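Keep in mind the model is a prediction, meaning the values are calculated, not measured.
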Amino acid sequence: MLRIPTDPLRKYLTDQIKQQVQTLLPSHLVEQGLADLYWQLTNPPDTNMGDLAFGCFQLSKILKKNPAQIAIEIKSRMSPNEKISRIEAVGSYVNFSFTEKFIGEELLESILSGSFFQVKLTENSPFTMIEFSQPNTHKELHVGHMRNACLGDAVVRLHRYAGYKVISSTFPGDVGTHVAKCLWYMKYHNQEPIPIEGRGEWLGKMYSKAHIKLEDEVGSPQEQKNREQLTFILKQLETKEGEFYELWKQTRQWSVDLMKRVYNWTGIEFDKWYWESDVDSDSIKYIKKLFEEGFLVRSENAIGMDLEAEKLGFCLLLKSDGTGLYATKDVELARRKFQEFKIEKSIYVVDLRQALHFKQVFRVLEKIGFPQAKDCYHLQYNFVELPDGPMSSRKGNIVALTELIHRMEEAVKTNYLKRYQNEWSGAEINLVASQVAQGAIKYGMLRMDTNKKIVFDMTEWLKIEGESGPFVQYSSARINSLCKKFDYKRSEFLPGSVDWSLLIHTAEHKLMQLLMDFHNVVIGATQNYKPALLCTYLYEVAKRFNLFYHECSIGNAGAEELKRSRLALSQATGEVLKKGLALLGVAAPERM
């Protein structure tokens, strides 16, 4: 008997066409013990071979026959009909090609009505928290921060679309040595007036200058004095009193304002904001409590958990001077997540440098009694670099995010929207410039597999041809313009009002073939935490639409019914592009 997959994303039979094909397969297959044929249906390796393929491997185990022989037998028991136009046995598979009428009625009409995007993809999915975008205050946000933010936001959107109950959270670092350095430079060395605007960005420059100055004075008579001043600042921040604590509160807000401005521009929202400063002292108390309860050990006057037997080393949780570390705070933060929100699964979007850190933290959580620890997942990703190498906030060689946004929006206005200055309002030009800049950044950050480095190149990412966000957005806008040109609206494509059987051109069928795969791609992107799969899919849809548009004229289609059918196919494609872009956090401009 075939075991049905238990993953919550696989419990619902989301593909209506697969469900129907399952019912058309010879009934004796069920009698032989293959209880659910749905899971044996897949895409052929070559789209020219058909629209769907049935693998005979599971039946081969049950019937003790060669899968190729079974494929021939299945073909002999089936005949083409109003749903299936061609059936072929190819090796161990039976390939099916569908009639255009069948695809239109089962797929395209549901896309146009909107019901396609309301299909339930999950059952009993775990209550999940996704933590992402953990920038430090007192540092400048740069383009490198966008990989984490875009990845986390897309993973949240995909999970919510699939039906998960999700809490999105962030955990900015607002305490630590980097804060002390920034305040130190402001107090003792800064000669600049504090700006009226852009104070968050200015703080980042103060931090870079502080780091460079401290590095330059290592080994000099000034080094010891610098250390004493930094220690004094850190002590005030720890005790929450004194002039530096007051300065911290004021400057922290400047950084928070910058973060919220950037998140507002990107359309990213968090259900819960955690702060390192809120967790700091409680995390030390919690670790001391765990030590008293016997969960932790003392080593060289420090406290932690010995994980050597599991080849994870010693997880240090309290240093010999009584101060905590990142692991200390993450253990306390996890406790809060589990106990306050009763979450069942926790996803951390953090770069690959923290791989060992999270392995240790998850193991500590499991050993101190949190069963949710087995469902903690570190979604790691590689770095963003500039064409000439890595970025560093310390050294100041970064592309500041707010500056980048301005430059990209201006580039869009100059390169693409200048010709519309006398036709569009200034507000619309600004809106579209912002949407296209977002599309370029988000698609650029998401299209690469998470284990690969990204080289940021503004010019390449803004191109309206090739694999880019603006290309997919332009294809969507082109469909909108096309339907407006011919004065067709989606509401006019009612079930039964379109003759789908007219769409017999190869380019038309291949476009429909690709639209069939939307939910399979979404499920794969969600299960594997890989929005890149959806990026690639949307790029292929946009390319295939443009080929269809080139080869299948709408204006010169001749018969009005054929024109209507092609417009309906175009509109359905536009809906898929728009929904797919939305799952990446990208807007689809009405026109470009």
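- A donor and an acceptor atom, one from each side chain of E243 and W248, are nowhere located under 3.5 Å apart.
- Salt bridge status for E201 with R261: present, with a side-chain N to carboxylate O gap under 4.0 Å.
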Please lay out, stage by stage, how H138 and W254 fare under the test ring pair (Phe, Tyr, Trp, His ring centres under 6.0 Å). CA-CA 8 Å; H138 299 79; W254 299 348; 8.6 Å; no
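- Under a cutoff of 6.0 Å and an axis angle of 45°, K579 and F117 form a cation-pi pair.
- Taking the six-membered ring for Trp and thresholds of 30 and 60 degrees, W461 and F456 have ring planes more than 60 degrees apart, a perpendicular arrangement.
- Looking only at atom types and distance, the side chain of E140 has no donor-acceptor partner in the side chain of W202 under 3.5 Å away.
- Within a 6.0 Å radius of CZ in R227, other residues, nucleotides and ligands contribute 12 heavy atoms or fewer.
- Two rings, from F471 and Y539, have their centers less than 6.0 Å apart.
- Residues K413 and N430 bring a donor and an acceptor atom of their side chains to less than 3.5 Å of each other.
- K337 has a carboxylate O that lies under 4.0 Å from a charged side-chain N of E131, or vice versa, which qualifies the two as a salt bridge.
- Side chains of H357 and D330: a donor-acceptor N/O pair is present below 3.5 angstrom, by distance only.
- Atom OH of Y263 is surrounded by more than 12 heavy atoms from other residues, nucleotides or ligands within 6.0 Å.
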